[in-house]
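Ligands are counted one by one from 1 in listed order, and the atoms in each one are counted from 1 as well. When reading the values below, keep in mind they use all heavy atoms of this one structure, side chains included, and skip hydrogens, waters and symmetry mates.
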Amino acid sequence: MPSKKIEEALNEQVNAELYSAYLYLSMEAYFESVNLPGFANWMRAQTQEELVHAMKIYDFVNERGGRVILKQIEAPQTEWASPLAAFEAAYKHEQKVTGLINELVNLAIEEKDDATNSFLQWFVTEQAEEESSSNEVVQKLKTAGGAPDGQFLIDRELGQRVFTPPTAKGA
Ligand SMILES: [Fe+2]
Ligand SMILES: [Fe+2]
C-alpha cells in the first residue's frame, strides 16, 4: 500500500498525463485547421502515448491497493502562432513533465517506497525520449526557417509516425 503522500502524488501525475494527452489532441486539431495532416498525425500518436502513460500509473495505483481519484483536467491552449511555436510549446511541456517525474522519484526515495521508485524509472527513461523527439522537430523546423517547401517535407515525414501500443505490461 502506498503512503497517502505517494498516492496523492501519483494521482496528480495521472492528471498531468491526461492533461498532456489533451494538450497534444488540441495541437492535433490546430494542425488539422492549418492543413498540416502529417503534423496532426504526429500529435495523434503523441496523444495515444500520453493515454498509455496515464493508464500505466492508474493501474499501478490500483495494483498497490491505492485509490485512483480523477480530477478536473485543465483546458489546453487551442491556437499557436506557427508549427514551430506549437512544437516549442510541446518541448517546453515535456521538460516540465520531466521535472514532475523527478519530483516523484525524490518523494519515493524520501518515503522509502522502493516499488514506486522502481516503477518510476520507466518514466525517467521515457521522458528523455519525449524531450528529444519533440526537440528534434523544433530543430528541423528551425532549419527549414519557415520555408513552405521545408515545412511540406517535414509534414510528410511526421505523417509516417505510427503509434505502437504497448505489448502486455511494462512495455
Ligand atoms: Fe507522458
Ligand atoms: Fe514516448
- NZ/NE/NH1/NH2 to OD/OE distance under 4.0 Å, E136 and K140: yes
- Query: Taking atom types as modelled, is there a side-chain donor on E131 or Q127 under 3.5 Å from an acceptor on the other?
  - Reply: no
- Message: To make sure I understand the geometry: which N, O or S atom in E49 is closest to the Fe ion (ligand 2)?
- Response: OE1
- Message: From the N, O or S atoms in E17, identify the one nearest to the Fe ion (ligand 1).
- Response: OE1
- Message: Using a strict threshold of under 4.0 Å (side-chain N to carboxylate O), is an ion pair present between K142 and E88?
- Response: yes
- Could you tell me which N, O or S atom of E130 is nearest to the Fe ion (ligand 2)? OE1
- Query: Does E7 pair with R64 as a salt bridge, N-O distance under 4.0 Å?
  - Reply: no
- Message: Looking only at N, O or S atoms, which one in H53 sits nearest to the Fe ion (ligand 1)?
- Response: ND1
- N/O/S atom of E50 inside 2.8 Å of the Fe ion (ligand 1), strictly under: yes
- Query: Taking the six-membered ring where the residue is Trp, are the ring centres of H93 and F87 under 6.0 Å apart?
  - Reply: no
- E49 with R161: basic N within carboxylate O range, under 4.0 Å: yes
- Item | Contact flag E94/the Fe ion (ligand 1), N/O/S atoms, threshold under 2.8 Å | no
- Message: For N/O/S atoms only: which one belongs to E129 and is nearest the Fe ion (ligand 2)?
- Response: OE1
- For the Fe ion (ligand 2), find the closest N/O/S atom belonging to E126 and write down its atom name. OE2
